[in-house]
S.K.: 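Just passing along the structure, written as structure tokens.
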Amino acid sequence: MNRKLRILMAKPGLDGHDRGAKVIARTFRDAGMEVVYTGLHQTPEQIVAGAIQESVDVIALSILSGAHMSACRKVMQGLAQKGAEDITVIVGGTILEQDIPELKAMGVAEVFTPGAPLEAGLDFLRKQSQS
Amino acid sequence: MNQEEQKGLETALKQWERDCQVQQLPSMDSDLGEPVKVVYTPLDTAGQDYLEKIGFPGQYPFTRGVYPAMYRVRPWAMRLYSGFGTAEDTNKRWKFLLEQGNHGVACAFDLPTQMGLDSDHPLAEDEVGRLGVSIDTLADMEFLYEGLPMETLISSFNINAPAAVILAMYVAVGRKRGLSPEKLGGTLSNDMLCEYVSRGMWVLGVEGALKLTVDIVEFCARHMPKFYPFNIRGIIMREAGASMVQEAAFAFANALAYINKALERGLHIDQFAPRISFFFSTGTQVFEEAARYRAARRLWARLMKEQLGAQKPASMLLRFTGTVGGSFYRAQEPMNNLIRGAYGLLANILGGAQGMLHPALDEPFAIPTEETARLALRTQQICAYETGVRKTADPLGGSYFVEALTDELEAKIQEVMNHVEDLGGAASAIESGFMQKAIADEAYRMAREEKDGTRVVVGVNKFADASQERPNLQVHRYNTAAADKQVNRLREVRSQRSGQAVRVALDRIRREADAGQNLLPALVEAVSAYASLGEIMVVLRDLYGDYKEPVVI
């Protein structure tokens, strides 16, 4: 794959803790990927529309409030409605282990919980784009 | 030290460095990346005038502490940040924490309340009561304080964008109990600028937000002498990645923005400065953090006296609550967070904090359970009653190392403040994204250092034990039934109140805003008519406009 991977880093909902989102966005960017950051307080509709408009390969959602289930579900539904299921969705934040199976059943490709290494997301996307 | 003694010491030091091959020893840096010497001597503090720079606790420039007795009379105030679900849920938890020996309550509001949204707003879905208590109307505030003595209980409210509405509710509940505003103590964070920098709990544009901030300050200066109208939150920026110097410098810059607006309003500095307080986050670098607080106290005292013309000593005091920021905790081996918390706590107390809001060990995962909340309190109580840390004021004072660090950190904080001033002050430095970018740079630097192992975190990048299973903590789980109950109560309140009274009260807010008046009296009337927080914020947004985030990474 020659084209640079394009990623939308998104903060859905009311949670305003963006340290992790910014640090991970820079990690992707420093690894040569193209990163668009939405800023705070995005609705799922805005995130889906933004991802399609920017023709991204990946949406990276960052949620630290605990409201990840409803936010992820709405984003996945929105992508399905727009026929954009080919966009990979990954999510990171204060997510408990027991929530992971349900998130993956929704179609989330990978989940990064507290304590995940800085480059865990990067490693995942690299591996995925090679396969 | 006279010149001869100094010369002798210099010679002896050089000799020691040669004899012990000190240059060969490993180099070590401070948290800020500055080299730290192998040892500090009187040469590092030579020329320091004791009375001018250090002095006595409770006396200018307050390097050694803001009160003469410091912790002898009583330990620091121990509070736990607490709130979840409905007002009844939180009321019950508060009563539990007070029975355990907490001094007062620090109220956590849920995200919809902090964002000025009612619990039935579409954007509030799945967030009502999740991270804090949900407050829609005065009815919730009444339940929150049921059975609690408002006249003696010290409450602190972590709320910024709708701070004026929450204060109005507090005043209104007091009034219903026959307590005039003069009788009510407590603290309101009311620090909107830190939200634009870091945590994103913003609603109104900067100008409108500053107007409300100063309305609160003015109202309290005139009617609420026991109340702290703003608590400037360095912590919000530190938790987003600010260095210890940036945290203090940006917090001071933000405070100056509010102070200047209040002075423009015609208040005298001594009318409100004795009621300014701060809230800082502390890491585990014990000596550097303690020195920073000593430096910050001296700098603030000078600023208030020399630059702003404060005359009352009470106006010059840097009173602060400290905490160990949750960002210093880790998800791996979470019990280790108890130890991190204890060291950070020690740094806060050696630094002279007036209060502590200690995080529970499960902070990386969720809000605390009763058990982890109790452990956080016990950590403080052991420090206060078993370590002897309270016996003398500023026990690190006079340490060559700590005094040298104090000077160095004071100069660094001043340097960053000067830079913000050159950019036109805090509001400009925020609207242009300068503070946000500076903090994001620091956060990234720290994350890289942790990744490459130069910033050691035990159990994470050193001594990590791969055999350790994921922690099996019993964490607080969100109760959706509380959200349903909350939405139902809001509907019930709306159906029972007088719609006419609400309309009249909201019109009064508009009218008085147009006339440039202080909005607090109108807000008290509106909440007393059971206008909801969300309804009032809609009016304020119409009046003052929304904030547009400068997106920077």
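All chains are named by letter (A, B, ...) in the order of the sequence lines, taking the proteins before the strands, and each is independently numbered beginning at 1. Bear in mind the structure is a predicted one, so any value in this text is a computation, not a measurement. Atoms considered below: every heavy atom in the structure, side chains included; atoms not considered: hydrogens, waters and symmetry mates.
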S.K.: With only heavy atoms counted, which part of D441(B) is less than 4.5 Å from chain A, the side chain, the backbone, both or neither?
M.R.: both
S.K.: For T43(A), which atoms come within 4.5 Å of any heavy atom of chain B: side chain, backbone, both, or neither?
M.R.: side chain
S.K.: Work out which heavy atom in K22(A) is nearest to a heavy atom in I553(B); give both atom names and the distance.
M.R.: CG-CG2, 3.9 Å
S.K.: Using a cut-off of under 4.5 Å on heavy-atom pairs, state which of A71(A), S65(A), A25(A) scores highest against chain B.
M.R.: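 Looking at each of A71(A), S65(A), A25(A) in turn, S65(A) comes out on top.
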S.K.: Measuring heavy-atom distances to chain A, does Y478(B) have an atom under 4.5 Å in its side chain, in its backbone, in both, or in neither?
M.R.: neither
S.K.: For R199(B), is it the side chain, the backbone, both, or neither that has a heavy atom closer than 4.5 Å to a heavy atom of chain A?
M.R.: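 Contact with chain A involves both backbone and side-chain atoms of R199(B).
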S.K.: If only atom types and distance count, is the side chain of H41(A) paired as donor or acceptor with the main-chain N or O of G200(B) below 3.5 Å?
M.R.: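 A pair under 3.5 Å: yes.
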S.K.: Which pair of heavy atoms, one from P114(A) and one from A331(B), lies closest together, and at what distance?
M.R.: O-CB, 3.3 Å
S.K.: At a 4.5 Å cut-off on heavy atoms, which part of I367(B) comes close to chain A: side chain, backbone, both, or neither?
M.R.: neither
S.K.: Heavy atoms only, distances under 4.5 angstrom: which of I439(B), I236(B), L117(B), L131(B) has the most pairs with chain A? Name it, please.
M.R.: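 Among I439(B), I236(B), L117(B), L131(B), the one with the most close pairs to chain A is L131(B).
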S.K.: Under 4.5 Å from any heavy atom of chain A, what part of E239(B) do you find: side chain, backbone, both or neither?
M.R.: backbone
S.K.: At a 4.5 Å cut-off on heavy atoms, which part of L111(B) comes close to chain A: side chain, backbone, both, or neither?
M.R.: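 For L111(B), backbone and side chain are both near chain A.
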S.K.: Side chain to side chain contact (heavy atoms under 4.5 Å, CB included), that's the test. Do R26(A) and R448(B) meet it? Break it down for me.
M.R.: CA-CA 11 Å; R26(A) 281 206 202 184; R448(B) 303 277 0 155; over 6 Å; no
S.K.: Can you tell which of T94(A), T113(A), L96(A) makes a side-chain contact (heavy atoms from CB on, under 4.5 Å) with F365(B)?
M.R.: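 The residue from T94(A), T113(A), L96(A) that satisfies side-chain contact (heavy atoms from CB on, under 4.5 Å) with F365(B) turns out to be L96(A).
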S.K.: Identify the two heavy atoms, one from V23(A) and one from A447(B), that lie closest to each other, and give their separation to 0.1 Å.
M.R.: CG1-CB, 3.6 Å
S.K.: Distance alone, cut at 3.5 Å: any donor-acceptor contact between the side chains of E125(B) and S70(A)?
M.R.: no
S.K.: Look at A21(A), A67(A), G39(A) and state which one has the largest set of heavy-atom pairs under 4.5 Å with chain B.
M.R.: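 Looking at each of A21(A), A67(A), G39(A) in turn, A67(A) comes out on top.
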S.K.: Just wondering, do V552(B) and Y37(A) contact through their side chains at under 4.5 Å, heavy atoms?
M.R.: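 No, their side chains stay 4.5 Å or more apart.
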S.K.: What's the spacing between E449(B) CD and L118(A) CG if we round to 0.5 Å?
M.R.: 12.0 Å
S.K.: For chain A, which candidate among Q114(B), R130(B), M115(B), E127(B) shows the most heavy-atom pairs at distances under 4.5 Å?
M.R.: R130(B)
S.K.: List the steps and the verdict of salt bridge (Lys or Arg N to Asp or Glu O under 4.0 Å) for K451(B) and D30(A).
M.R.: CA-CA 14 Å; K451(B) 162 89 176 66; D30(A) 284 0; over 6 Å; no
S.K.: With only heavy atoms counted, which part of K437(B) is less than 4.5 Å from chain A, the side chain, the backbone, both or neither?
M.R.: both
S.K.: Measure V475(B) against the heavy atoms of chain A and call it side chain, backbone, both or neither at under 4.5 Å.
M.R.: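 Contact with chain A: side chain only.
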S.K.: Relative to chain A, which segment of P112(B) carries a heavy atom at a distance below 4.5 Å: side chain, backbone, both, or neither?
M.R.: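 Contact with chain A is through both the backbone and side chain of P112(B).
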S.K.: For R19(A) and G241(B), work out which heavy atoms get closest and say how close.
M.R.: NH1-N, 3.4 Å
S.K.: Check whether R477(B) gets within reach of chain A through its side chain, its backbone, both or neither, counting any heavy atom under 4.5 Å.
M.R.: side chain
S.K.: Is it the backbone or the side chain of L14(A) that comes under 4.5 Å from a heavy atom of chain B, or both, or neither?
M.R.: both
